[in-house]
Structures are given as C-alpha cells and as structure tokens.
Number of protein chains: 2
Amino acid sequence: MSVTFRRPTRQRAAVEALLVSIGDFMSAQDLHARLRAQGQSVGLATVYRTLQSMAADGDVDMMRTSDGEAVYRRCSNGHHHHLVCRNCGRTVEVEGPAVESWTNKISAENGFSDVHHTLEIFGLCSACTP
Amino acid sequence: MSVTFRRPTRQRAAVEALLVSIGDFMSAQDLHARLRAQGQSVGLATVYRTLQSMAADGDVDMMRTSDGEAVYRRCSNGHHHHLVCRNCGRTVEVEGPAVESWTNKISAENGFSDVHHTLEIFGLCSACTP
DNA sequence: CTATCTTCTGACAATGATTCTTATTGGGAC
DNA sequence: GTCCCAATAAGAATCATTGTCAGAAGATAG
C-alpha cells in the first residue's frame with residue numbers, strides 16, 4: 001500500500017471539493033469546465049494529473065464509460081462495482097464477495113497471479129424503465 | 001436477435017480473415033496496419049465501421065484495454081469474460097455462470113432491467129510470473 | 001523570516017484514437 | 001446491362017488525453 005505524499009494545494013482541494021459536492025461520476029473535461037464556471041482557475045492538465053493521483057491513492061474511483069471516456073467519482077473505500085443506468089446515469093455501488101472469490105479461483109486455475117478486475121453493469125434503472 | 005444484412009465485400013472479408021488468422025485481440029489501428037502490410041487496400045474508417053458492425057452482430061468480441069483503446073477478437077459465440085496477461089497479452093476466455101446469476105440478482109434487487117455487463121480480469125500469466 | 005529545494009501548475013502544443021464528409025465504387029435485383 | 005443504394009476511400013475534423021517547460025508555491029533548513 002504505497003501512500004505517496006501529496007502537497008495540499010488550492011487546485012487539489014478544489015477538485016476534491018467539487019467531487020464531494022457532485023457525488024456522482026464526472027469526466028475530467030466536465031470537472032474542468034465546472035471549476036472554470038465557478039471562477040476557479042485550474043488547468044486542464046492539472047485536473048487530469050490530480051484525478052490520476054487521487055485514483056492511484058484510492059481516493060476516487062475511476063471507470064470507463066462504454067465509449068471509452070474515463071469518469072471519476074469520490075468513492076467509499078474498498079473494492080466494489082457499479083450498476084449504471086444507461087439512460088439517466090444514476091449509479092449504485094455494489095459489492096460482490098462471490099465475484100471476488102470467483103475471479104481469484106479462476107485466476108489461480110489458469111496460473112495467473114497478481115490480478116485485479118473490472119466489472120460494470122449497465123441497464124435501465126426503475127425510474128427509466130418504460 | 002437482430003441479424004442485419006451485410007453486403008459481402010472484399011474489405012469485410014479481409015478484416016474477417018485477418019481476425020481469424022490472428023486469433024487474438026487487436027486494435028482497429030493495428031488491424032488496419034497489418035492489412036496494409038499485406039498489400040490489401042482497406043481504409044481505416046472502413047476497418048472501424050466493419051469492426052463495429054461485426055461487434056454489433058456478435059461476430060467479434062470487443063473489449064477495452066486499461067488505457068481505453070478498443071480491441072477486437074474473433075470469438076466463440078456466447079457470453080464470456082477474459083483473463084488477460086498484462087505483460088504478454090495472452091488471453092484466456094472464461095465463463096462464469098455464477099457471475100451471470102449474481103449480476104442478474106443484483107440488478108433485480110436494485111430495480112434495474114435490460115442489463116448487460118463487462119468483466120475483465122488482468123494479471124500475470126504463469127509464463128510471465130517472476 | 002529567508003533562502004533554497006522540489007513539487008505542482010498552467011498554457012499550449014502534440015498525440016492518437018475515433019468519427020465525419022464527400023465523392024466514388026460496386027453488389028445485387030431486375 | 002442498368003439502376004439504386006449501401007459500402008468505401010481519403011483525408012480532414014474532433015476530442016480526450018498526455019507532453020513540455022518555464023514559472024509559481026509548499027516544505028524545510030538555517
């Protein structure tokens with residue numbers, strides 16, 4: 001568990017605060033636009049770098065939308081997955097101990113080590129079901 | 001199961017043949033470069049369009065690498081997941097009925113319908129384990 | 001507090017995958 | 001063969017992401 005030191009800067013604080021206030025997945029571009037709209041002056045590259053370091057530290061959760069764009073969210077700690085509404089974007093965090101053990105078993109059976117996995121579920125939430 | 005009609009063209013055949021002969025995941029860019037190297041004249045946009053339609057028809061399997069690039073592979077039919085070596089790229093297809101039922105259960109519990117999911121496992125294969 | 005060391009940041013250029021545009025081609029029904 | 005329309009080629013355009021590098025701002029020793 002490498003907990004690299006990060007300097008507390010205005011920009012880092014702004015990104016974190018915005019993530020907290022939104023509480024939902026957002027792309028780096030979107031985050032940057034909102035910071036600008038708030039009058040906060042933060043560079044786009046900085047937003048990217050900050051999100052990457054936060055993701056590396058486990059402070060935010062990163063996932064890719066179906067078209068490959070990276071989106072980030074302030075997240076509870078611990079490994080979990082997402083149930084995402086493909087219509088309204090609502091996201092539910094879910095845990096699956098059974099999935100964890102399954103991936104470990106499968107990996108071991110095939111001689112794979114040092115594994116991690118990604119699992120996302122896309123569908124229509126109750127509000128968006130016709 | 002919507003089986004849209006596709007015109008049998010030289011380009012489509014070339015893409016399919018190459019996917020079969022390689023038998024492993026490859027990006028659209030890579031596929032295009034190889035076709036060119038073989039002397040086949042196929043446009044890049046055509047490769048993209050062809051792969052997209054093939055993926056839509058279920059003829060190939062699409063997954064995204066950790067850096068967001070889409071890669072495609074001629075695949076056995078049916079839903080399955082992948083165990084990918086992050087060092088050498090070797091891929092093993094795995095099936096997980098338990099995972100399927102788990103995602104269905106979770107989705108139902110949260111009121112989600114019409115769901116699909118993505119699951120990829122990344123690790124080091126036995127040959128690449130130090 | 002000041003000097004200094006280092007990391008972080010900002011502006012913009014560069015990259016690279018993917019999509020768009022438009023004129024052209026070729027499959028297939030008749 | 002002829003006509004129609006989907007498929008294609010070429011390159012431009014888009015867009016997320018990363019690289020560059022000089023300057024700014026925390027940290028820390030003195």
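Computation of the quantities below employed the complete heavy-atom set of this structure, encompassing side-chain atoms and omitting hydrogens, waters and symmetry-equivalent molecules. Every chain is numbered from 1, with letters handed out A, B, ... down the list of sequences.
The shortest distance between the side-chain N/O atoms of B:R12 and the OP1/OP2 oxygens of D:dA6 is not below 4.0 Å. Remark: A:Q52 is not in phosphate contact with D:dT17, judged by side-chain N or O atoms under 4.0 Å from OP1 or OP2. Distances shown here put a side-chain N or O of A:Y48 below 4.0 Å from the OP1 or OP2 atom of D:dT17. Distances shown here put a side-chain N or O of B:T46 below 4.0 Å from the OP1 or OP2 atom of D:dA9. Look at A:Q11 and you won't find any side-chain N or O under 4.0 angstrom from OP1 or OP2 of D:dA24. Proximity of A:T9 to the phosphate of C:dT9: a side-chain N or O atom is located under 4.0 Å from OP1 or OP2. Not one side-chain nitrogen or oxygen of A:R6 sits closer than 4.0 Å to the OP1 or OP2 atom of D:dA27.
At a threshold of 4.0 angstrom between heavy atoms, the contacts of B:Q29 include nucleobase atoms, whether or not backbone atoms are also involved. Here B:S27 lies out of heavy-atom contact (under 4.0 Å) with every strand. At a threshold of 4.0 angstrom between heavy atoms, the contacts of B:R49 include nucleobase atoms, whether or not backbone atoms are also involved.
Taking the side chain as every heavy atom from C-beta outward, A:W102 and B:V94 approach each other to under 4.5 Å.
Candidate nucleotides D:dT8, D:dG19, C:dG28 were compared by shortest atom distance to the side chain of A:A45, and D:dG19 ranks first.
The base of D:dA7 does not come close enough to the side chain of B:R7 for any donor and acceptor atom to sit less than 3.5 Å apart.
Closest approach of B:H82 and B:D61 over heavy atoms only: CE1-OD2, 2.5 Å.
Each of B:P8 and B:R64 was assigned the nucleotide of DNA chain C with the nearest heavy atom; the assignment lying further toward the 5' end belongs to B:R64.
Rounded to 10°, the angle separating the first-five-pair axis and the last-five-pair axis of the helix from C:dC1-D:dG30 to C:dC30-D:dG1 equals 40°.
Side-chain N or O atoms of A:T46 include none that pairs as donor or acceptor with a backbone N or O of A:V42 at under 3.5 Å.
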